[in-house]
Structure formats: C-alpha cells, structure tokens
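Below: one structure, written as structure tokens.
Keep in mind that what you see is a predicted model, and the values were worked out from it rather than measured.
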Amino acid sequence: MSNDNASSKQKVTTTDEFIKGLWRDNPVFVQVLGMCPVLAVSNTAENALAMGLATAFVLLMSNILVSLLRNFVPKQVRIASYILIIATFVTVTDYAIQAISVELHKSLGAFISLIVVNCLILSRAEAFASKNTVWKSIFDALGMGLGFTFALFCLGAVREILGNGSIFNIALFPDGFQSWIVMILPAGGFFTLAIWLLIINGIQTKKEKS
C-alpha cells in the first residue's frame with residue numbers, strides 16, 4: 001500500500017514539474033527569461049519554432065548530464081562545468097541545423113551560439129538538475145523547453161501573419177492585404193510580447209480570483 005502511495009506521489013510530482021514549465025512558470029510569459037532570442041528570431045513562425053526546439057534540445061540534454069554528474073562535480077567549478085556541458089550540446093545543435101537547412105542556419109545566425117548563455121538553461125541546470133534525479137530533471141527540461149518553444153511560436157506566428165500575411169510561408173490573405181511591416185521589425189517584437197504578456201497575466205489573474 002505504501003509503495004502505491006509513493007508511486008502515485010512520484011507521478012504527481014513529475015507531472016507537476018512538466019506542467020509548470022508549460023504554463024504556471026512559463027519561462028517567457030511568466031519568468032521573462034531568454035528575451036534576446038525571443039525578440040530577435042521570432043519574426044517568423046519557422047524561425048521561432050526552430051529556435052525553440054533547438055533550445056529545448058540543449059536544455060533537455062544538459063539537464064540529463066548535469067543531473068547524472070551532480071555528485072561528481074566540485075562546487076567550486078560547477079558553473080564552469082555546466083557552461084561546458086551546455087556549449088557541447090549547442091555545438092551539436094548548431095551543426096545539425098546547418099546540415100538540415102543552410103538557409104535556416106543563416107536566418108538564426110549567431111543566436112544559435114548564444115543559446116550557451118541563455119539564462120533559462122543555466123538556471124535550470126543550477127537550480128534544478130544539480131539537485132534532483134535524472135527523471136525529474138527530464139520532466140523539468142521538457143516542460144520548460146516546450147513552454148519556451150510555445151511562447152516563441154506564439155510570437156512568431158502573430159508577427160508573421162500580420163507582418164507578411166502568411167504562416168510558414170503559406171499566404172493567408174488575398175493579394176490586397178496590407179501587411180504591417182512594423183511587426184517583422186524589432187519594434188514589432190516588443191509590441192507582440194507586450195500583448196501576449198497582457199493576455200497571459202489577465203488569464204492568470206482571472207483564474208486566481210475565481
């Protein structure tokens with residue numbers, strides 16, 4: 001009976017770790033982390049989705065390795081070790097994207113390499129993976145990674161639809177549609193992010209009151 005209760009508690013815990021990154025502690029809409037790639041590469045849905053998935057992959061793999069090595073890495077060099085681990089998977093991701101699509105690699109540019117210093121990944125390694133089991137770290141990384149990807153896609157989709165009149169380069173409106181050029185410019189990123197933050201905060205506030 002006690003084993004069943006422990007198993008049930010473990011499932012609830014791991015599920016909660018996954019869900020918190022998707023919504024309650026979303027890295028973009030709630031914690032406002034990783035703003036550099038969020039604003040810079042979310043001018044199209046394709047770029048946003050690619051950057052989100054690349055970041056999620058690096059986060060997942062680094063969380064796993066940090067959790068596995070948490071009892072072997074000296075405290076004095078833990079940050080340097082985490083950065084080395086993250087940089088290794090960023091390099092793998094960089095080469096993989098370049099092999100899949102050179103055009104996409106050029107669109108993302110230096111922001112692929114900047115995943116190394118994404119505060120989301122380093123914070124999850126330091127605050128969670130270094131203190132928890134591999135299983136919990138996997139769920140944490142999946143939740144945060146997919147939450148980050150979801151947020152980037154929300155921004156990229158809105159900016160591409162209004163800025164280009166398309167989604168994934170598929171036209172959505174007639175030829176007479178007047179696109180909002182500002183949406184694919186840097187200012188459009190700030191404007192779109194502000195609108196999404198307003199919507200998400202409004203939903204959460206309404207939920208707390210009910």
Residues 193-207, side-chain donor-acceptor partners within the protein, below 3.5 Å, at least two apart:
residue	atom	partner	partner atom	Å
Trp196	NE1	Cys154	O	3.3
Asn201	ND2	Leu197	O	3.1
Thr205	OG1	Asn201	O	2.7

Could you pull out all donor-acceptor pairs under 3.5 Å where a side-chain atom in residues 125-132 meets a protein atom, sequence neighbours excluded?
residue	atom	partner	partner atom	Å
Glu126	OE1	Arg78	NE	3.2
Glu126	OE2	Arg78	NE	3.1
Glu126	OE2	Arg78	NH2	3.4
Ser130	OG	Ala125	O	3.2
Ser130	OG	Glu126	O	2.7
Lys131	NZ	Glu126	O	2.8
Asn132	ND2	Phe128	O	2.9

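Between the side chain of Asn63 and the backbone N or O of Ser137, at least one donor-acceptor pair lies under 3.5 Å. Between the side chain of Ser166 and the main chain of Ala171, no donor-acceptor pair closer than 3.5 Å is present. In terms of modelled atom types and a separation under 3.5 Å, the side chain of Ser123 and the main chain of Leu120 share a donor-acceptor contact. Panel note: side chain Thr149, backbone Gly52; a donor-acceptor pair is recorded below 3.5 Å. Proximity of a side-chain donor or acceptor of Glu160 to a complementary backbone N or O of Asn169 within less than 3.5 Å is detected.
In this structure Arg159 satisfies the salt bridge (charged side-chain N to carboxylate O under 4.0 Å, His left out) test with no other residue, sequence neighbours excluded. Take Phe190 and apply the ring-ring contact (aromatic ring centres under 6.0 Å, His included) test, not counting sequence neighbours, and it matches no residue.
When all heavy atoms are compared, the tightest approach of Leu22 to Gly147 is CD2-N, 3.7 Å. Between Cys119 and Gly34, the shortest heavy-atom contact is SG-N, 3.6 Å. The minimum heavy-atom distance linking Phe111 with Pro37 is given by the pair CD2-CA, 4.5 Å. Taking every heavy atom of both residues into account, Ile97 and Ala54 meet most closely at CD1-CB, 4.1 Å. Across every non-hydrogen atom of Val90 and Ile112, the tightest pair is CG1-O, 3.4 Å. Across all their heavy atoms, Ala48 and Leu152 have their closest contact at CB-O, 3.1 Å.
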For the pair Leu59 and Phe89, evaluate side chain to side chain contact (heavy atoms under 4.5 Å, CB included) and give the outcome as yes or no after the intermediate values. CA-CA 9 Å; Leu59 177 58; Phe89 290 114; over 6 Å; no

Would Asn43 and Asn47 satisfy side chain to side chain contact (heavy atoms under 4.5 Å, CB included), going step by step from the backbone distance to the final call? CA-CA 7 Å; Asn43 55 335; Asn47 288 353; 3.4 Å; yes

Where do Met51 and Leu104 land on the side chain to side chain contact (heavy atoms under 4.5 Å, CB included) test, with the steps shown first? CA-CA 10 Å; Met51 177 56 72; Leu104 178 61; over 6 Å; no

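In this structure, Phe139 and Phe18 have perpendicular ring planes: the angle between them is above 60°, well past the 30° mark.
Residue pairs meeting the side chain to side chain donor-acceptor pair (under 3.5 Å) criterion with at least one member in residues 22-34, sequence neighbours excluded: Asp16-Arg24. Applying the side chain to side chain donor-acceptor pair (under 3.5 Å) rule to pairs touching residues 94-104 yields Asp94-His105, sequence neighbours excluded.
With hydrophobic clusters built from ILVMFWY side chains whose heavy atoms lie under 4.5 angstrom apart, Leu65 shares a cluster with Ile79. Ile181 and Ile167 fall into different hydrophobic clusters, where Ile, Leu, Val, Met, Phe, Trp and Tyr are joined by side-chain heavy atoms under 4.5 Å apart, directly or via other members.
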